[in-house]
Amino acid sequence: MNLVIAFIISLVMTVISTPIMMVIAVKLDIVDRPTEDRKIHKKAMPYLGGIAIAIGFFSGFLYLHPFMPSTWAFVIGALLLIITGVIDDKISLSPRLKLMIQIIAAVIVTVYGVKITSLQLPHFGYIQLGWFSYPLTILWIVGLTNAMNLIDGLDGLASGVSSIALGALLVMGILNYQTLAISLSVMLLGGTLGFLFFNVHPAKIFMGDAGSMFIGYIIAVISILGLFKSITFFSVIIPIVVLAVPIFDTSFAIIRRALKHQKLSAPDKGHLHHCLMELGFSHGTTVYIIFLISLFFGIAGVIFSRSILWGSIIILLAGTVMIRFSMEMFTSFHSKKPLVNAVKRLVLQHSKSKG
């Protein structure tokens with residue numbers, strides 16, 4: 001019952017806070033103006049939606065007050081990213097400075113108890129990671145923080161994908177009796193769903209870097225507390241599967257920019273959602289396609305957590321589909337929409353054969 005109340009508190013507080021943040025963002029001129037490099041929207045949009053999500057989350061947190069290792073370190077890391085995100089939304093900080101602050105936030109929460117300490121490998125038993133647990137955990141937290149930031153490119157995309165991932169993490173937390181992971185998932189899910197009311201296409205407000213980094217940070221912590229703590233070799237794969245869309249999209253972005261000899265922080269229109277829109281899909285349809293992909297991987301992650309054999313088969317199929325899909329996207333992106341033309345030809349042929 002307490003979890004339900006915490007979810008409602010988080011949801012309601014986010015819904016109440018979001019319109020207020022819209023007004024504040026406009027008055028302080030913290031808005032996202034369209035540019036040619038990667039922006040999709042055509043007019044200036046207020047930021048600070050992430051603050052509303054954080055208000056909702058911490059409202060539920062104060063009510064539920066879940067026990068966790070070094071709560072103050074967890075909160076400080078979150079607040080550090082929120083403040084950094086707000087400043088970046090206002091004056092655009094350098095990518096290097098943002099990365100340094102993300103690392104600091106990850107170090108704070110890792111040093112004070114949230115870390116991957118050991119691993120169980122088949123036929124080898126438990127392996128204590130020792131000092132290697134620190135860089136591994138920091139890399140995971142920073143990686144997910146940036147992954148969620150990079151996928152925030154369309155109305156409702158980041159909030160929707162994160163909600164689906166949180167739903168999967170919540171189910172796995174329940175199945176594995178991970179009380180803390182359940183509590184954090186419920187509170188953040190209330191925030192992301194509450195914000196989604198204002199962020200679906202056409203969006204009234206964006207979450208901004210403050211929101212995307214905050215969500216990525218919390219999800220990284222949840223995955224460590226709820227999945228890595230099961231300390232099996234296969235548990236390492238589960239959060240990667242659940243968060244496959246932002247992780248794969250970020251990985252492809254790094255590879256793409258490296259091949260083009262660009263800075264890793266350089267903006268472009270090569271992300272999954274850009275490619276789908278280049279294929280001719282509408283803004284809304286693109287978002288729903290990515291939602292379906294995210295849902296597929298979320299379900300695969302849940303099944304994988306319950307059955308190693310069937311989970312392995314699903315992961316293999318999911319990986320194959322994802323690789324094939326990505327190849328189609330990038331091929332189509334650079335060859336004037338052949339996939340769309342092929343689909344149109346098939347539709348026309350089908351229509352003629354019926355006629």
Side-chain angles (χ1 to χ4, degrees), residues 9-62 75 78-95 97-98 101-102 105 145-146 148-163 187-218 265 267 269 271 273-274 277 282-284 286-287:
I9 290 174
S10 179
L11 178 72
V12 171
M13 288 302 296
T14 302
V15 171
I16 293 173
S17 302
T18 302
I20 299 173
M21 290 299 111
M22 290 169 61
V23 174
I24 294 174
V26 172
K27 286 188 175 181
L28 297 179
D29 194 34
I30 305 179
V31 297
D32 187 15
R33 292 183 172 81
T35 57
E36 294 297 327
D37 51 5
R38 60 175 176 174
K39 304 294 184 180
I40 302 295
H41 57 285
K42 304 299 181 183
K43 63 179 182 178
M45 295 290 295
Y47 278 133
L48 300 187
I51 304 297
I53 296 173
I55 290 173
F57 174 83
F58 284 118
S59 296
F61 191 88
L62 287 174
V75 173
L79 292 177
L80 187 59
L81 292 176
I82 291 171
I83 294 171
T84 302
V86 172
I87 295 174
D88 182 56
D89 290 335
K90 175 63 178 178
I91 62 174
S92 295
L93 300 174
S94 70
L97 178 59
K98 281 202 300 183
I101 296 174
Q102 290 168 1
T145 300
N146 279 286
M148 199 56 64
N149 188 23
L150 287 174
I151 201 174
D152 185 23
L154 293 180
D155 297 351
L157 185 57
S159 50
V161 169
S162 59
S163 295
M187 292 180 289
L188 186 56
L189 186 59
T192 55
L193 289 177
F195 177 69
L196 199 55
F197 289 129
F198 303 89
N199 192 230
V200 292
H201 185 67
K204 298 179 179 66
I205 184 173
F206 292 162
M207 68 171 63
D209 280 6
S212 58
M213 290 197 297
F214 172 74
I215 291 173
Y217 169 82
I218 302 296
S265 59
K269 286 192 174 183
H271 291 286
H273 53 276
H274 291 124
M277 293 189 73
S282 67
H283 190 126
T286 296
V287 172

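FYI, side chains are in, hydrogens and waters are out, and symmetry mates aren't considered; it's all heavy atoms of this structure.
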Within the side chain of Thr14, is there an N or O that forms a donor-acceptor pair under 3.5 Å with the backbone of Phe195?
no
Distance from Ser10 atom OG to Leu193 atom CG, nearest 0.5 Å?
9.0 Å
Answer whether the closest heavy-atom distance between the side chains of Asp209 and Thr84 falls below 4.5 Å.
no
CA sep, side-chain torsions, deciding dist, call: Gln102, Leu81, side chain to side chain contact (heavy atoms under 4.5 Å, CB included):
CA-CA 7 Å; Gln102 290 168 1; Leu81 292 176; 3.8 Å; yes
Which heavy atom in Gly56 sits nearest to a heavy atom in Met13, and how many Å separate them?
CA-CB, 3.9 Å
Which value, rounded to the nearest 0.5 Å, describes the distance between Ile82 atom CD1 and Ile55 atom CD1?
9.0 Å
Mind checking whether Phe214 and Phe58 have parallel, tilted or perpendicular rings, split at 30° and 60°?
tilted
Interatomic distance, Leu157 atom CG to Ser162 atom OG [nearest 0.5 angstrom]
9.0 Å
Taking the side chain from Lys90 and the backbone from Leu28, do they hold a donor-acceptor pair closer than 3.5 Å?
yes
Within the structure provided, determine whether Asp88 and Met213 are in side-chain contact (heavy-atom separation under 4.5 Å).
no
Gly216 versus Met148, closest heavy-atom pair with distance
CA-CB, 4.0 Å
Just wondering, do Thr192 and Leu189 contact through their side chains at under 4.5 Å, heavy atoms?
yes
Closest non-hydrogen atom pair, Ile51 against Ala210:
CD1-CB, 4.4 Å
Side chain to side chain, Asp32 and Asp89, heavy atoms closer than 4.5 Å:
no
Do Val15 and Phe198 have side-chain heavy atoms sitting under 4.5 Å apart?
yes
Measuring only between side-chain heavy atoms, which start at C-beta, is Tyr47 closer than 4.5 Å to Ile205?
no
Closest non-hydrogen atoms of Gly191 and Ile53, given as atom of the first, atom of the second and distance, are O-CG1, 3.8 Å
Between atom CD1 of Ile20 and atom CG of Leu48, what is the distance when rounded to the nearest 0.5 Å?
12.0 Å
I want to check something: taking the side chain as every heavy atom from C-beta on, are Met187 and Ile218 in contact at a cut-off of under 4.5 Å?
no
